[in-house]
Amino acid sequence: MHIGLIGGIGPAATDFYYRRLISLAAEKGRDLDLTIAHADAPTLLANLTSDNGAAQCEIYLRLTERLKAAGAEKVAVTSIAGHFCIDAFAEISPLPILDLTASLSAWLQGKGMNRVGILGTDTVMRSGMYGKLAPVDVLAPAGDDLKQVHEAYVALVQSDVPAPELKYVFVRTGRALVDRGAEAVLLGGTDLNAVFTADETAFPVIDCAGIHAEDIARFI
């Protein structure tokens, strides 16, 4: 199946999905049929901050029409923050959407998870990833930690460099979430994969983008 990705939000996230899908296709012994359309990260962050889902949906619509014209049969957004308007986009999308929140919800319930922490943008954290992970309880960072994580994540997206001072904010806050009872911490921003590697974590983490990529790979 020809998969369409809406990428660019941000570039490191797109690179993560691209490399992971190449690897998963190789494991399956299948050729990867994939087209990527570029969306703008600062525009997404502005629309997210102002809760302007209509504007972001128009961008997704234009890009998905381009992907469909290129032969894509399904579309996925390579940004967790970019899923803030995914339900509205599903109503107008010319292609079926491979929704990260649906993939993650099914995975968490399949693993029997009860309580998880979350790191990402302000909206992702406050909403417990848009309220779509119930019945799993999602803990957001407390107090000033939430603002600091959001600012650190925005800086990470715009720089694509996991500077030590940014990593410190994520690690400190993640540990605090585990101390509050989280069984693991959701990497609720795709670019966090540049900060937390599989062999170097100070606490259990859940690779949301990786779960999404594996779900997408079912259709390869």
Side-chain angles (χ1 to χ4, degrees), residues 1-22 32-104 119-125 127 129-130 132 150-162 187-195 207-213 215-217 219-220:
M1 178 177 288
H2 187 158
I3 302 296
L5 296 182
I6 295 177
I9 42 179
T14 308
D15 180 70
F16 172 84
Y17 272 84
Y18 188 33
R19 292 178 183 275
R20 182 65 68 90
L21 289 173
I22 290 172
L32 179 61
D33 195 3
L34 177 72
T35 301
I36 303 174
H38 177 76
D40 181 61
T43 300
L44 168 63
L45 289 171
N47 287 333
L48 175 66
T49 301
S50 62
D51 195 26
N52 194 346
Q56 193 63 40
C57 282
E58 284 298 319
I59 294 170
Y60 289 164
L61 176 60
R62 182 177 70 253
L63 296 177
T64 303
E65 287 173 339
R66 187 181 305 167
L67 290 167
K68 183 178 181 180
E73 299 164 81
K74 292 184 184 291
V75 65
V77 176
T78 63
S79 165
I80 296 171
H83 279 68
F84 82 102
C85 60
I86 204 72
D87 290 341
F89 177 52
E91 296 178 2
I92 61 173
S93 175
L95 291 175
I97 298 172
L98 296 169
D99 181 348
L100 179 147
T101 60
S103 300
L104 180 59
L119 300 173
T121 63
D122 181 284
T123 304
V124 164
M125 293 184 291
S127 67
M129 202 175 293
Y130 316 119
K132 297 180 72 174
H150 172 78
E151 291 175 348
Y153 187 74
V154 170
L156 176 65
V157 171
Q158 294 176 339
S159 67
D160 298 323
V161 178
L187 301 184
T190 318
D191 291 79
L192 286 170
N193 288 284
V195 177
D207 180 0
C208 302
I211 291 168
H212 191 206
D215 210 18
I216 293 169
F219 299 97
I220 294 174

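What you are looking at is a predicted structure, and each value in this text was computed from that prediction instead of being measured.
Rounding to the nearest 0.5 angstrom, the gap separating the CG atom in Leu61 from the NZ atom in Lys68 is 10.5 Å. Note: Tyr153 OH to Asp191 CG = 4.0 Å, rounded to the nearest 0.5 Å. Taking CZ of Phe84 as the reference point, atom OG of Ser79 lies at 9.5 Å (rounded to 0.5 Å). Once rounded to the nearest 0.5 Å, the distance linking CG of Leu63 with CG of Leu5 reads 11.5 Å. Between the CG atom in Leu104 and the NZ atom in Lys132 there is a gap of 11.0 Å [rounded to 0.5 Å]. For the atom pair CD1 of Ile3 and CG of Leu98, the computed distance is 5.5 Å after rounding to the nearest 0.5 Å.
Tyr60 places no side-chain N or O within donor-acceptor distance of the main-chain N or O of Ile6, the cut-off being under 3.5 Å. Between the His2 side chain and the Gly71 main chain, a donor and an acceptor come within less than 3.5 Å of each other. Looking only at distances, a side-chain donor or acceptor of His83 sits under 3.5 Å from a matching main-chain atom of Leu100.
Atom OH of Tyr130 has more than 12 heavy atoms from other residues, nucleotides or ligands within 6.0 Å. Crowding of Lys74 atom NZ: a count of heavy atoms from other residues, nucleotides or ligands under 6.0 Å exceeding 12.
Residue Ala72 comes nearest to Leu95 through the heavy atom pair O-CD2, 3.4 Å, listed as atom of the first residue, atom of the second, then distance. Taking every heavy atom of both residues into account, Tyr18 and Leu34 meet most closely at CD1-CD2, 3.6 Å. Nearest heavy-atom pair across Met125 and His150 is CE-N, 3.9 Å. The two atoms that bring Ser93 and Thr64 nearest to each other are OG-CG2, 3.9 Å, heavy atoms only. Here the closest non-hydrogen pair linking Gly188 and Val124 is O-CG1, 3.5 Å. For Ile80 against Leu187, the heavy-atom pair with the smallest separation is CD1-O, 3.4 Å.
Counting heavy atoms from C-beta on, the side chains of Thr190 and Thr78 never come closer than 4.5 Å. In this structure, the side chains of Met129 and Cys208 come closer than 4.5 Å at one or more pairs of heavy atoms.
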Run the side-chain donor-acceptor check on residues 8-17: report pairs under 3.5 Å with partners two or more places apart or on a different chain.
from  : atom 1 : to     : atom 2 : distance (Å)
Thr14 : OG1    : Gly8   : N      : 2.5
Thr14 : OG1    : Gly10  : O      : 3.3
Asp15 : OD1    : Arg19  : NE     : 3.0
Asp15 : OD2    : Arg19  : NE     : 3.0
Tyr17 : OH     : His212 : ND1    : 2.7

Please tabulate, for the side chains in residues 36-54, all donor-acceptor contacts under 3.5 angstrom to protein atoms that are two or more places apart in sequence or on a different chain.
from  : atom 1 : to    : atom 2 : distance (Å)
Asp40 : OD2    : Thr43 : N      : 2.9
Asp40 : OD2    : Thr43 : OG1    : 2.6
Asn47 : ND2    : Thr43 : O      : 3.4
Asn47 : ND2    : Gln56 : OE1    : 2.9
Thr49 : OG1    : Leu45 : O      : 2.8
Ser50 : OG     : Ala46 : O      : 2.9
Ser50 : OG     : Asn47 : O      : 3.4
Asn52 : OD1    : Ala55 : N      : 3.1

